[in-house]
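Notes to accompany the following structure.
Keep in mind that what you see is a predicted model, and the values were worked out from it rather than measured. Every chain is numbered from 1 and lettered A, B, ... according to where its sequence line falls, protein lines coming before strand lines.
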Number of protein chains: 2
Amino acid sequence: MKTTRNTAAKTAVLEVLEKSKTALSHTEIHKQLNDLCDRVTIYRILDRLINEDIIHKISNLDGTVKYAKCHHLHQRVHIHNHAHFSCENCHEITCLENVKPSYIMPHNYKVNEINFTLSGLCPNCLNSNI
Amino acid sequence: MKTTRNTAAKTAVLEVLEKSKTALSHTEIHKQLNDLCDRVTIYRILDRLINEDIIHKISNLDGTVKYAKCHHLHQRVHIHNHAHFSCENCHEITCLENVKPSYIMPHNYKVNEINFTLSGLCPNCLNSNI
DNA sequence: AAATTAATGCAACAATGTTGCGATTGATAA
DNA sequence: TTATCAATCGCAACATTGTTGCATTAATTT
Ligand SMILES: [Mn+2]
Ligand SMILES: [Mn+2]
Ligand SMILES: [Zn+2]
Ligand SMILES: [Zn+2]
């Protein structure tokens, strides 16, 4: 089996995601790293972190893709079943760890993953009544 | 206010979406139209159809964006609050008009739109036990 | 039929993501 | 510590997807 290595770039990417309150896009991460490593390297690191279940990917209605650190403690296998909120004004995407949709599926489907993203106005932008 | 026109291309795009059992990507629509119109025109038509609430856009975890016709009858304003299923094997995306998530949001958010996409194996692919 | 302007085609561009390959480096064993 | 070797990286090249400006075409109204 393939073993995974802790490289400077991987550590840096993870640190950026850890410090961020909102989910970040590839480009945002790249900017924050300030040319510590190549664009392509970041894509590959993100892929690895997802496979290792350390971060998760969030895909937004407008086509944006963002990444956030997982906050579930020590669970080996898990589904990212919480909701995400995407603000139409400030374009920030945040994990709503406590919002989990309930739903009833037809029996003949096998669900492996869910993506539940809500969009509208976040508390910040709602207050500044845009 | 801007009035909207019924053009040959628009009619054709809508027809393709009407006939399809699954949601289609821009590229898939373009191929089916067989150079009836330009790529760019299709993007613009899709935008218009979305504004007119005739079709809706579905964004998948893998970054794919697809479009499907709305099947709600005569509702003026509506939210596309049904789920979509994205098959990891055949990559088809279908509307699950009857699956609607229920969830509880914190009060300080204003939700305008939701995107609820489940992925896994569709009935077809599940049967052919891949 | 003429006028108005929404819609189109085309070219050019931007953003995002992927692939191949030779060079580098982290982890492990000698 | 040093040698080893595969995982990771950098770079260049490419693919896909979506956007914009502008001159031209065509749908709708009068
Ligand atoms: Mn999350
Ligand atoms: Mn649908
Ligand atoms: Zn906001
Ligand atoms: Zn399938």
Side-chain angles (χ1 to χ4, degrees), chain A residues 1-17 23-68 86 88 91 93 115 117 119, chain B residues 1-17 23-68 86 88 91 93 115 117 119:
Chain A
M1 67 237 102
K2 253 191 162 186
T3 63
T4 175
R5 290 180 185 175
N6 287 321
T7 65
K10 184 180 171 187
T11 309
V13 167
L14 197 51
E15 201 172 340
V16 166
L17 286 173
L24 300 175
S25 68
H26 167 271
T27 309
E28 288 165 335
I29 296 169
H30 185 51
K31 278 177 190 157
Q32 283 203 36
L33 288 186
N34 209 55
D35 281 306
L36 179 115
C37 67
D38 194 75
R39 271 175 10 95
V40 180
T41 301
I42 297 179
Y43 278 115
R44 299 199 259 228
I45 288 173
L46 291 170
D47 281 348
R48 268 180 280 147
L49 288 173
I50 287 173
N51 283 333
E52 295 168 24
D53 266 331
I54 295 173
I55 65 172
H56 59 282
K57 191 174 176 176
I58 306 154
S59 139
N60 201 37
L61 248 198
D62 65 12
T64 333
V65 172
K66 302 219 176 183
Y67 303 86
S86 162
E88 290 165 357
H91 297 104
I93 296 189
N115 175 215
T117 308
S119 33
Chain B
M1 68 234 103
K2 250 191 163 184
T3 64
T4 175
R5 291 180 185 176
N6 286 323
T7 65
K10 183 179 170 186
T11 309
V13 167
L14 196 51
E15 202 173 339
V16 166
L17 286 173
L24 300 175
S25 67
H26 167 272
T27 310
E28 288 165 335
I29 296 169
H30 184 51
K31 278 177 191 156
Q32 283 203 37
L33 288 186
N34 209 54
D35 282 307
L36 178 115
C37 67
D38 194 73
R39 271 176 9 94
V40 180
T41 302
I42 298 179
Y43 278 115
R44 298 199 259 227
I45 288 173
L46 290 170
D47 282 349
R48 266 180 282 148
L49 288 172
I50 288 173
N51 283 332
E52 295 168 21
D53 266 330
I54 294 173
I55 66 172
H56 60 282
K57 191 174 177 177
I58 306 153
S59 138
N60 202 36
L61 247 198
D62 65 12
T64 333
V65 172
K66 302 219 179 185
Y67 304 85
S86 162
E88 289 165 357
H91 296 105
I93 296 190
N115 176 216
T117 310
S119 33

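Comparing Thr7(B) and Arg39(B) against DNA chain D, the residue whose closest nucleotide sits nearer the 5' end is Arg39(B).
Side-chain contact between Leu46(A) and Ile29(A) is present, with at least one heavy-atom pair separated by less than 4.5 Å. Residues Ile50(B) and Tyr67(B) form a side-chain contact, since some pair of their non-hydrogen atoms from C-beta on lies under 4.5 Å apart. Residues Leu24(B) and Lys66(B) have side chains not in contact (no heavy-atom distance under 4.5 Å, counting atoms from C-beta outward). A heavy-atom distance below 4.5 Å is not found between the side chains of Val65(B) and Ser25(B). Between Ile55(B) and Leu14(B) the shortest side-chain heavy-atom distance falls below 4.5 Å. Looking at Asp35(B) and His30(B), their side chains come closer than 4.5 Å, going by heavy atoms from C-beta outward.
Between the CG atom of Asn60(B) and the C1' atom of dT16(D) there is a distance of 16 Å, given to the nearest Å. One interatomic measurement links the two molecules: CG of Leu36(B) to C1' of dG9(C), which rounds to 13 Å at whole-angstrom precision. Rounding to whole angstrom units, CZ of residue Arg5(A) and P of dT24(C) are separated by 15 Å. Taking atom CG on Asn6(A) and atom P on dT28(C), their separation rounds to 10 Å, with Å as the unit. When the P atom of dG17(C) is taken as reference, atom CG of Leu61(B) falls 13 Å away, rounded to whole Å.
In this structure, the side chain of Ser59(A) engages the main chain of Asn60(B) through a donor-acceptor pair within 3.5 Å.
Distances from the side chain of Val65(B) to the nucleotides dG9(C), dG18(D), dA7(C) place dG18(D) closest.
Taking the six-membered ring wherever Trp is involved, the centroid distance between the rings of His26(B) and Tyr43(B) falls below 6.0 Å.
Within the 4.0 angstrom heavy-atom criterion, no nucleotide atom of any strand lies near Ala8(A).
Lys10(A) and Glu52(A) are joined by a salt bridge, as a carboxylate oxygen and a charged side-chain nitrogen come within less than 4.0 angstrom of each other.
One finds a side-chain N or O of Thr4(B) lying less than 4.0 angstrom from the OP1 or OP2 phosphate oxygen of dA7(C).
Of the residues in residues 40-52 of chain B, those lying under 4.0 Å from DNA chain C by heavy-atom distance are Val40(B), Thr41(B), Arg44(B), Ile45(B), Arg48(B). Of the residues in residues 25-32 of chain B, those with a non-hydrogen atom less than 4.0 angstrom from any atom of DNA chain D are His26(B), Thr27(B).
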